[in-house]
Chemist: 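Take a look at this one; I'll ask things after.
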Amino acid sequence: MSGATYEASSVTSSSTRQQLLELAHSLDRIGKQAEQFLAGQLDQLAKEIEEFEHEKAAWRRQYRRESTELSTQRDEIERLRKLAGSSPMPEDSVARKRASIEETVRKSGIAPLRLLVVPSQATSQQLGVFLCELTRFNKDLGGRGLRFELSGAYRPRKRLLGRATDPEMASTLLEFHVFPAVPLKARGAHVQLEDDNTDRVEEWISWKIRVLQAGVTKEDLDREMRRMQPHDRNRQIQEYAREAARRPESELCSLEETFTAAGMSSGSFVLPDSHTDFVRKQILRLQGVAERLFDDFNMRIQICP
């Protein structure tokens, strides 16, 4: 190969390498631009999905609130119809009372309910019957069950001679705090997918409103409790409360079986007929159990926010 030919070949090879390098740089720039474009599109898509989920969750909560309000109004109309002719409470008074309950509960947020009980002649199993039904009421309306913790026990104050007005367990007032079985912890406005607990917080608040509006409470035990003295270190009381609180976790936590296990006949307890709407049926059943325990064992109950 002559010198001139070799030099021409070298120039051609160098030019080709230069072109290839320029092409590689060009492709690299195009790749980076494409990557940045796709990354921007994906970020935008992620933001839109997050906004959509946030809006969907907000609409879902609004739907549940409105559904709860409509169902509550239907229940109240039905109750007033049944009480027609017996001087029912004026409709505006009922509405004000219900609105007051809802406002109080919404202010309480994820706080537990307070359950005040004077067992009287009821055993821990028989108190467990009501706790089972309260748990079932929660599950039937979409909850995940309840957890009961004894907050305090109270007895009538002693008289001047140093004796209590009633030394028996019958006069003891038990205060339980009622929590959702799955702990709740609000996370502000942050909303994720279906498992986000924001929805469960709303469900808990809605359920508390339902319970307080159900009309189970017949006594003002909260006022009585203020006139009593603490008596929550008694071992018998502690064991009684623990045994009752364990009852809802039992496999026997159903209406028929809990009555049987507690030595009670369920024959005289009439379930709501099949024509009653679902929510009203659950309320009537819970009311029926509370009334039955009062009639048979003089067990008094109050549910407070």
Chemist: Quick check: closest heavy atoms across E243 and S124, and the distance to 0.1 Å?
Modeler: CG-OG, 3.2 Å

Chemist: Are V289 and F294 connected in the hydrophobic side-chain network, where two residues link if heavy atoms are under 4.5 Å apart?
Modeler: no

Chemist: State which residues pass side-chain hydrogen bond (donor to acceptor under 3.5 Å, both in side chains) with R227; sequence neighbours excluded, sorted by chain then number.
Modeler: none

Chemist: Could you check whether any side-chain heavy atom of L127 comes within less than 4.5 Å of a side-chain heavy atom of F297, counting everything from C-beta outward?
Modeler: no

Chemist: For L38, what are the other residues in its hydrophobic cluster, where any two members join if their side-chain heavy atoms are less than 4.5 angstrom apart?
Modeler: F37

Chemist: For a 4.5 angstrom cut-off between non-hydrogen side-chain atoms, does V117 reach F130?
Modeler: no

Chemist: Within a strict 4.5 Å, meaning less than it, do heavy atoms of the L115 and L131 side chains meet?
Modeler: yes

Chemist: Quick check for you: to the nearest 0.5 Å, what is the distance between F176 atom CZ and R114 atom CZ?
Modeler: 13.0 Å

Chemist: Testing the basics here: between G145 and T135, what is the closest heavy-atom pair and its distance to 0.1 Å?
Modeler: CA-CG2, 4.1 Å

Chemist: Do side-chain atoms of S26 reach the backbone of E22 as a donor and acceptor pair under 3.5 angstrom?
Modeler: no

Chemist: Rounded to the nearest 0.5 Å, how far does CD of Q36 lie from CD of Q33?
Modeler: 7.0 Å

Chemist: Output yes when a side-chain donor or acceptor of E203 lies under 3.5 Å from a complementary backbone atom of G143, and no otherwise.
Modeler: no

Chemist: So how far is it from C304 SG to K208 NZ, rounded to the nearest 0.5 Å?
Modeler: 12.0 Å

Chemist: Taking atom CH2 of W207 and atom CD of E202, what is their separation to the nearest 0.5 Å?
Modeler: 15.0 Å

Chemist: For a 4.5 angstrom cut-off between non-hydrogen side-chain atoms, does Y240 reach L174?
Modeler: yes

Chemist: Apart from F52 itself, what residues make up its hydrophobic cluster, given side-chain heavy atom links below 4.5 Å?
Modeler: none

Chemist: To the nearest 0.5 Å, what is the distance between CG on D220 and CG on L116?
Modeler: 9.5 Å

Chemist: Decide whether V211 and F179 are clustered together by the hydrophobic rule: side chain heavy atoms of Ile, Leu, Val, Met, Phe, Trp, Tyr closer than 4.5 Å, transitively.
Modeler: no

Chemist: Kindly work out whether a path of hydrophobic side-chain contacts (I/L/V/M/F/W/Y, heavy atoms less than 4.5 Å apart) joins I205 to I110.
Modeler: yes

Chemist: Once salt bridge (charged side-chain N to carboxylate O under 4.0 Å, His left out) is applied, what residue pairs with a partner in residues 30-40 remain, sequence neighbours excluded?
Modeler: D28-K32

Chemist: Of the non-hydrogen atoms in S171 and M228, which two are nearest, and what is the gap between them?
Modeler: O-CE, 4.0 Å

Chemist: To the nearest 0.5 Å, what is the distance between SG (C132) and CZ (R247)?
Modeler: 6.5 Å

Chemist: With sequence neighbours excluded, what pairs up with H231 under the side chain to side chain contact (heavy atoms under 4.5 Å, CB included) test?
Modeler: R155, N234, I237

Chemist: May I have the step-by-step check of salt bridge (charged side-chain N to carboxylate O under 4.0 Å, His left out) for E239 and R246, ending in yes or no?
Modeler: CA-CA 11 Å; E239 184 56 34; R246 281 198 295 262; 3.6 Å; yes

Chemist: Going by the rule side chain to side chain contact (heavy atoms under 4.5 Å, CB included), which residues pair with P305 if we only count those two or more places apart in sequence or in a different chain?
Modeler: T104, L212

Chemist: Examine distances only and state if a side-chain atom of W204 and a backbone atom of P112 form a donor-acceptor pair shorter than 3.5 Å.
Modeler: no

Chemist: So does K47 pair up with E51, basic N to acidic O under 4.0 Å?
Modeler: no

Chemist: When you compare the side chains of T123 and Q126, does any donor N or O come within less than 3.5 Å of an acceptor on the partner?
Modeler: yes

Chemist: Salt bridge check, R292 against E133: does any charged N sit closer than 4.0 Å to a carboxylate O?
Modeler: no

Chemist: Indicate yes or no: at least one non-hydrogen side-chain atom of I303 is less than 4.5 angstrom from one of V178.
Modeler: no

Chemist: Is it the case that the side chains of Q282 and R285 hold a donor-acceptor pair, with the cut-off being a distance below 3.5 Å and no angle test?
Modeler: yes

Chemist: Check whether any side-chain N or O of Q302 sits under 3.5 Å from a backbone N or O of L221 as a donor-acceptor pair, and report yes or no.
Modeler: yes

